[in-house]
Amino acid sequence: MQPRRPGFPARIDGLQPPRATPAAAPAAGSWRPAPAPPMPQGVGLDSAAVRARMVQRLAAGGVDAQAVLQAMGTVQRHRFVDSALANQAYEDTSLPIGLAQTISKPSVVARMVQLLLEAECVRGQGGLGRVLEIGTGCGYQAAVLACVAREVHTIERLRGLHEKARENLRPLRLNNVHLILGDGMLGYPRGAPYAGIIAAAGGDALPPAWCEQLAVGGRLVAPMAGAGGQQVLLVVDRTAQGLKQSVLESVHFVPLKSGIA
Ligand code: SAH
């Protein structure tokens, strides 16, 4: 049998990226076979390095919660989009995920997750407890949430995306994420009360179920139709005295719809 040439098999097709973790890099001349992470065609770069640059941009843009930056640096966004779009996965852009829906921009995901982590109860309990996400989509934000929350319930009304998210999340083996097919306008009473509720689709008014299912000290972050018809980001805190609402910047999300399809 021919002896293997050092380095030869790992780079044969030009598509395999350099190995992601510097700690695992072999010393020069001491090649040993290592399973390269499967990468979609077109990324063409070490995804950890591209992700690290995305995280730097998020930090420069004002995201300062370490837990959020770490989660954004951990979850491989390119695995949640079509392989033809994988080379755009670390740009700050929303991307189509099928069925006329989109995965939100990384800066918007980071901003909303950071807002959740600023909930009153997070300080009191030393971490984010149970979270409800409305609009699972491809499952990307659920994976980010799984890094910062104890438990994540995520609900999607489109069966095709619910199944796609299940596929996308399976290899990550996140045992704190629960995928539900259902109408998120009704919340998900079985998991209530929630320390955080985060919506990835915007409606005309806040569904009453969301506020009802929010724990005292909990926070809801959702896009909602604002006064001028454009969407704004809404934050609702449940305090012992009642609900406190703040309107933040304008945003662009897909519409919140009722029923399952
Ligand atoms: N967080 C997602 C973003 C998906 S886009 C991601 O990371 O990919 C928003 C999603 O909300 C769409 O998939 C849409 O089908 C879903 N949606 C809209 N109305 C809904 C409702 N009432 N209940 C559950 N999901 C809803």
Side-chain angles (χ1 to χ4, degrees), residues 51 54 58 68 71-72 74-82 85-86 88-116 131-149 152-170 172 174 177-192 194 196-211 213 220-225 231 233-234 251-261:
R51 222 166 21 258
M54 176 189 79
L58 292 173
V68 176
M72 299 297 294
T74 301
V75 181
Q76 302 190 331
R77 193 169 184 259
H78 69 267
R79 289 178 181 267
F80 290 83
V81 296
D82 195 273
L85 297 170
Q88 295 175 57
Y90 298 104
E91 288 170 18
D92 198 30
T93 179
S94 54
L95 292 169
I97 53 173
L99 302 178
Q101 307 302 317
T102 54
I103 179 175
S104 310
K105 293 199 239 196
S107 59
V108 170
V109 172
R111 164 88 169 133
M112 290 175 75
V113 174
Q114 173 153 307
L115 284 167
L116 270 194
V131 169
L132 174 66
E133 179 192 34
I134 291 108
T136 313
C138 65
Y140 171 72
Q141 184 171 264
V144 172
L145 287 167
C147 299
V148 302
V152 180
H153 290 281
T154 178
I155 186 160
E156 172 57 56
R157 64 179 289 275
L158 298 178
R159 192 178 297 273
L161 286 175
H162 168 74
E163 280 161 11
K164 184 183 256 191
R166 189 177 294 289
E167 288 276 290
N168 288 341
L169 291 168
R170 184 173 292 126
L172 306 187
L174 301 168
V177 177
H178 312 283
L179 298 165
I180 304 132
L181 176 67
D183 182 357
M185 284 178 86
L186 309 173
Y188 183 62
R190 283 177 64 185
Y194 298 100
I197 299 182
I198 184 166
D204 292 333
L206 215 51
W210 297 359
C211 294
Q213 292 172 25
L220 159 72
V221 182
M224 205 50 61
Q231 267 182 353
L233 202 56
L234 195 67
V251 284
H252 300 281
F253 278 82
V254 294
L256 182 71
K257 294 186 177 173
S258 59
I260 302 175

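Both ligands and their constituent atoms are indexed starting at 1 by order of listing. Reckoned from all heavy atoms, side chains included, excluding hydrogens, waters and symmetry mates.
Qualifying side chain to side chain donor-acceptor pair (under 3.5 Å) partners for Arg157, counting only residues two or more places apart in sequence or in other chains: none.
The residues Arg170 and Glu167 are annotated as salt-bridged, a charged nitrogen and a carboxylate oxygen being separated by less than 4.0 angstrom.
Every pair tested for side-chain hydrogen bond (donor to acceptor under 3.5 Å, both in side chains) that includes a residue from residues 252-261 fails, sequence neighbours excluded, so the list is empty. Contacts classified as side-chain hydrogen bond (donor to acceptor under 3.5 Å, both in side chains) and involving residues 196-206 (residues at least two apart or in different chains) are not found.
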Does ligand 1 have any N/O pairs with the protein under 3.5 Å, and how far apart?
| from | atom 1 | to | atom 2 | distance (Å) |
| --- | --- | --- | --- | --- |
| ligand 1 | 1 (N) | Glu133 | OE2 | 3.0 |
| ligand 1 | 1 (N) | Gly135 | O | 3.0 |
| ligand 1 | 7 (O) | Gln141 | N | 3.1 |
| ligand 1 | 8 (O) | Cys138 | N | 3.1 |
| ligand 1 | 13 (O) | Glu156 | OE1 | 2.7 |
| ligand 1 | 13 (O) | Glu156 | OE2 | 3.3 |
| ligand 1 | 15 (O) | Glu156 | OE2 | 2.6 |
| ligand 1 | 19 (N) | Lys257 | N | 3.0 |
| ligand 1 | 19 (N) | Lys257 | O | 3.4 |
| ligand 1 | 22 (N) | Asp183 | OD1 | 2.9 |
| ligand 1 | 22 (N) | Lys257 | O | 2.5 |
| ligand 1 | 23 (N) | Gly184 | N | 2.7 |
| ligand 1 | 25 (N) | Arg157 | N | 3.3 |

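Arg79 has its side chain out of reach of Asn168: every pair of non-hydrogen atoms, C-beta onward, lies at least 4.5 Å apart.
Thr154 pairs with exactly one of His178, Gln141, His162, Glu133 by the side chain to side chain donor-acceptor pair (under 3.5 Å) rule, that one being Glu133.
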